[in-house]
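Inspection log for the structure reproduced underneath, given as C-alpha cells.
Numbered from 1 within each chain, the chains take letters A, B, ... in sequence-line order. Treat the numbers as computed from the prediction; the structure is a model and nothing was measured.
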There are 2 protein chains.
Amino acid sequence: MHEVKAAVLARYKTPARVLKALAHPARLRIVEELARGERCVCELAECVGLGMSTVSRHLGQLRAVGLVEDEKRGAQVFYRLRARCVLNFFECLVALERARRGEEVPHAA
Amino acid sequence: MHEVKAAVLARYKTPARVLKALAHPARLRIVEELARGERCVCELAECVGLGMSTVSRHLGQLRAVGLVEDEKRGAQVFYRLRARCVLNFFECLVALERARRGEEVPHAA
DNA sequence: CGCACATTTGGCCAATTGGCGAAATGTGCA
DNA sequence: TGCACATTTCGCCAATTGGCCAAATGTGCG
C-alpha cells in the first residue's frame, strides 16, 4: 500500500551511470580526444597525463556504459567514441561555465 | 621541463563537476520534475521517495554547480531549474539506453 | 511566547572512487 | 624460446558519497 518507493528511481539508474562515467576530468578529456579519431591507450595516457593503468580503468568505465568501443590490433588496443551524441553536452557545459562567471542564465531547451 | 602534467585536466574540472551533480538517479529525477515547474523540497522528496534531509542535500549539490536556484517563500523553499539546456542530455541518454538494448550505435553529433 | 511545520546541518557508517606501483597477460619479433 | 612492449588486473589506501536519524535553524500563527 505504501512501498514501490525504491522503484521510483529505477528508471534513472542507467542514464545516471552514463553521466557518472562522463563525470570525471580525465574521462572528459579522453572523450574529447576520441572525438578527433581513434587512439591507443598510451596516446591517451600521454594526453591526460596519468599512468596507463589508471587510464585503462577510465576507459573500462567508458566502455562499460557503451560510450566507447575498443579494437585490439597487434599489441595495441584502439578506442573509438561510440556515441558521438555526448559531444552535444560540451556545448551546454561551456555555456554553463560562462554563465557561472558572467552570472547569467544559460539558454533554453 | 616535464611537468605541467596535472594542469592538463584543470580545464575539465568544472564541467566534470556539473556532470557529476547530474549523475545520480535521484538528482536526475529531480531535474526532470523541475523541468515542469518550480517545486518545494517536500514535493520533491515525495516524488523521489527519499527523506527530506537527503533530498535537501541533493538540491544543494545541484545548486552548487548552478543547475538550480532556490527562493524562500514563507516557510518553504522553492527550487527552479536554472539551466534548461541540460534537458538536451536526456534525449541522448535515452538514445544510448535504446542502443544498449537494440545493440546499435547512436546518432551523430 | 510557544507550537507546528519546512528546511538545513551534523554525525555516523557502509560503499565506492581514483590514484599508484607491481604483477599478470598478450603480441610481435629476433 | 625469450625479450620488449602494450595493456589490464590486483592490492593498497585516502577521500568522497549517499543514506539515515537527530538536532539546529527559520517562519507563521494563535
Indicate yes or no for a side-chain donor-acceptor contact from A:E43 to the backbone of A:C40 under 3.5 Å, with no hydrogens or angles considered. yes
Whole-Å distance separating the CG atom of B:L62 from the C1' atom of C:dT8: 15 Å
Separation of C:dA23 P from A:M52 CE (nearest whole Å): 16 Å
Separation of atom CZ in B:R63 from atom C1' in C:dT8, rounded to whole Å: 9 Å
Less than 4.0 Å between a side-chain N and a carboxylate O, is that true for A:R11 and B:E32? yes
Between C1' of D:dT8 and CZ of A:F78, the distance in whole Å: 16 Å
Closest to the side chain of A:K72, out of D:dA6, D:dT8, C:dG26, is C:dG26
State whether a side-chain donor-acceptor pair under 3.5 Å links A:R27 with B:Y12. no
Taking only side-chain N and O atoms of B:T54, does any of them lie within less than 4.0 angstrom of OP1 or OP2 on D:dC20? yes
Between atom CZ in A:R29 and atom P in C:dG18, what is the gap in whole Å? 18 Å
Would you say B:H58 reaches D:dG19's phosphate, i.e. side-chain N/O to OP1/OP2 under 4.0 Å? yes
Base, sugar-phosphate alone, or nothing: which one does A:R73 contact when heavy atoms must sit under 4.0 Å apart? nothing
N/O donor-acceptor pair, side chain B:S53 with base D:dC21, under 3.5 angstrom: yes
Students often get this wrong, so: under 4.0 angstrom with heavy atoms, is B:E43 touching a base, only sugar-phosphate, or nothing? nothing
So, does B:H24 get its side chain near the phosphate of D:dT16, meaning an N or O under 4.0 Å from OP1 or OP2? no
Closest to the B:R57 side chain, choosing from C:dG21, C:dT8, D:dG19: D:dG19
So if I take every side-chain heavy atom of B:K20 and compare against C:dT8, D:dT17, D:dG18, which nucleotide ends up nearest? D:dT17
Rounded to whole angstrom units, what separation is found between the CD atom of A:E71 and the P atom of D:dT8? 14 Å
Closest to side chain of A:A75, choosing from D:dA6, C:dT17, D:dT8: D:dA6
For A:L19 and C:dT17, give me the distance from atom CG to atom P, rounded to whole Å. 15 Å
With a 4.0 Å cut-off on heavy atoms, is A:Y79 in touch with a base, just the backbone sugar-phosphate, or nothing at all? sugar-phosphate
Nearest to side-chain heavy atoms of A:V77, which nucleotide of D:dT8, C:dT7, D:dC20: D:dT8
In this structure, how many angstroms lie between the P atom of C:dC5 and the CD atom of B:Q76, rounded? 13 Å
Describe, in one word, how the ring planes of B:F89 and A:F89 are oriented to each other, choosing from parallel (under 30°), tilted (30 to 60°) and perpendicular (over 60°). parallel
C:dG18 OP1/OP2 closer than 4.0 Å to side-chain N/O of A:Q61: yes
If you draw the axis of the six-membered ring of B:F78, does the NZ or CZ of B:R73 fall within 45° of it and under 6.0 Å from the ring centre? yes
Using the side-chain heavy atoms of A:L50, tell me which of these nucleotides is nearest: D:dT8, D:dG18, C:dC20. C:dC20
Trace of the side chain to side chain contact (heavy atoms under 4.5 Å, CB included) decision for B:V8 with A:V48: CA-CA 6 Å; B:V8 177; A:V48 302; 5.5 Å; no
